[in-house]
Amino acid sequence: MSLLALVGLVAAVTLLSRVAPMVLLPVPDGYLATVVARLPAPLFAALAVLSLLPAGGHRPSLPAMVAVLAALVVAPRRSLLITVLAGLTGYLAAAAVLA
Amino acid sequence: MGVEWYQAGYHIHPTFPGMEHPSRRPPAATPITAALPVAVAIGVFGVIYGAAAVPVLGGGLAWWSSVLIFSGAAQFTMLGLLAAGSPPAAVVVATAILALRHIPLAMVLRPRLPARPSRRAALSWFLIDETTGLALAAPGDASRTLALGGAMAYTAWVGGTAIGIAGGSAASLEPVADALFPVLFVGLAGMTAASNSTVVRAVLAAVLTLVLLLVWPAIGGIGAVGVAILVAMAGPR
């Protein structure tokens, strides 16, 4: 299979995985609606941990951990911009201290 | 549908069945302001992807892969497997497994999206983790936030890829990039944690995911999504 065909196939799989649930899934009802309503915050918290841990089970860098701690401090403000700025500030501060 | 809007002190906030006792929150940002950090982070990863993809795919196909796929997880996985000499079938299977995470994302968005399937199909192109979070946290029209945030993210991803292909310095960006997505997801968790009980669930999901990934690193994103679903299922019906 050529690389062009492979990219096309991966694109088709990804597109289908987006369109199918968006079009076919009904509006959740009953217990499923309750679970779905509870899902976003745990989902993003789990993804935060997933993206923090480098592949292969290695430990994250200290500046990255400080960035996450700084982000956690301001997360209750519910502003993504402030959270990202705090995280980057924490990262740069930790990197500067370690340098 | 179970969606109810009410004025919660400072801020209009959506509730769903299971969202108990929303707390008072500061005002939400406009969709563009909220989407800007997401677009910047995605653009940075686009530069890194573009630079990494050139030796494997060539410049032209690297750019087209971002135009046609628009999924950092799928594209980085494809690159890694191709660079390791994996057969095409393994690449397709791996990206298909990664794509399963679109199901819970679509599920959580579904109550806030238009009834017309054709409109939802058009919006599905912008279904990524970050835009889902923005759309869920937005006080206004979720479909508008998804489209606007998605368009900004897509432009940043394709543009960042082009910069990386053209010789953008990925080495200087990689260390900061390691911290960008965890911070973004912390922000999205904060934006979607509308009550004390959801904060507790978020913390529990983070701890359980950490333990799971330390014990079984290979389970990756499927494990993280599975933990989140189990935590959401726990408690009273």
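Numbers restart at 1 for each chain; the letters A, B, ... are given by sequence-line order, proteins then strands.
Neither the backbone nor the side chain of B:Trp216 has a heavy atom closer than 4.5 Å to any heavy atom of chain A. With a 4.5 angstrom heavy-atom cutoff, B:Leu98 does not touch chain A via any of its atoms. In this structure, the portions of B:Phe70 lying under 4.5 Å from any heavy atom of chain A include both its backbone and its side chain. Residue B:Leu204 does not touch chain A at all, counting heavy-atom pairs closer than 4.5 Å. Residue contact with chain A, scored on non-hydrogen atoms closer than 4.5 Å, involves the backbone of B:Ala234 exclusively. For B:Arg119, no part lies under 4.5 angstrom from a heavy atom of chain A. For B:Val200, no part lies under 4.5 angstrom from a heavy atom of chain A.
Proximity of A:Leu52 to B:Leu210: side-chain heavy atoms (C-beta onward) are nowhere separated by under 4.5 Å. Residues A:Val49 and B:Leu208 are not in side-chain contact: their nearest non-hydrogen atoms beyond the backbone lie 4.5 Å or more apart.
Ranked by non-hydrogen atom pairs under 4.5 Å with chain B, the options A:Leu32, A:Leu24, A:Asp29, A:Leu47 are led by A:Leu47. Between chain B and the residues A:Leu92, A:Leu43, A:Leu88, A:Val74, the most heavy-atom pairs under 4.5 angstrom are made by A:Leu43. Of the listed residues (B:Leu100, B:Val231, B:Leu184, B:Val227), the one with the most heavy-atom contacts under 4.5 Å to chain A is B:Leu184. For chain A, the option among B:Leu188, B:Thr95, B:Val207, B:Leu68 with the highest count of heavy-atom pairs below 4.5 Å is B:Leu188. Between chain B and the options A:Gly90, A:Ala5, A:Pro26, A:Ser51, the largest number of non-hydrogen pairs under 4.5 Å is found for A:Ser51. With chain B as the partner, the residue from A:Leu4, A:Val66, A:Val68, A:Leu3 showing the most heavy-atom pairs under 4.5 Å is A:Leu3. Of the listed residues (B:Leu134, B:Val56, B:Val91), the one with the most heavy-atom contacts under 4.5 Å to chain A is B:Val91. Options B:Ser118, B:Gly58, B:Gly187 differ in how many heavy-atom pairs under 4.5 Å they form with chain A, and the most are formed by B:Gly187.
Considering every non-hydrogen atom in both A:Ala46 and B:Ala228, the closest pair reads CB-CB, 4.4 Å. In terms of heavy-atom proximity, B:Gly221 sits nearest to A:Leu50 at CA-CD2, 3.5 Å. Here the shortest heavy-atom pairing between B:Ala205 and A:Pro42 reads CB-O, 3.5 Å. For the pair B:Val186 and A:Ala75, the tightest heavy-atom approach, listed with the atom from each and the gap, is CG1-CB, 4.0 Å. Nearest heavy atoms, B:Asp129 versus A:Phe44: O-CE2, 3.2 Å.
The contact list for residues 80-87 of chain A toward chain B, using heavy atoms and a distance under 4.5 Å, reads A:Leu80, A:Leu81, A:Thr83, A:Val84, A:Gly87 by residue number. Using a 4.5 Å heavy-atom cut-off against chain B, the contacting residues of residues 8-21 of chain A are A:Leu9, A:Val10, A:Ala11, A:Val13, A:Thr14, A:Leu15, A:Ser17, A:Arg18, A:Val19, A:Pro21.
Once rounded to the nearest 0.5 Å, the distance linking CG of A:Leu25 with CE of B:Met107 reads 6.5 Å. Note that OG1 of B:Thr198 and CG of A:Leu39 are 12.0 Å apart. Values are rounded to the nearest 0.5 Å.
Side chain of A:Tyr31 to backbone of B:Met233: a donor-acceptor contact under 3.5 angstrom is found.
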Query raised in the report: Hey, mind stepping through B:Leu127 and A:Met22 against side-chain contact (heavy atoms from CB on, under 4.5 Å) and telling me if it holds?
Result: CA-CA 9 Å; B:Leu127 185 71; A:Met22 285 280 274; 4.0 Å; yes
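Remark: B:Trp125 CH2 is packed, more than 12 non-hydrogen atoms of other residues, nucleotides or ligands lying under 6.0 Å away.
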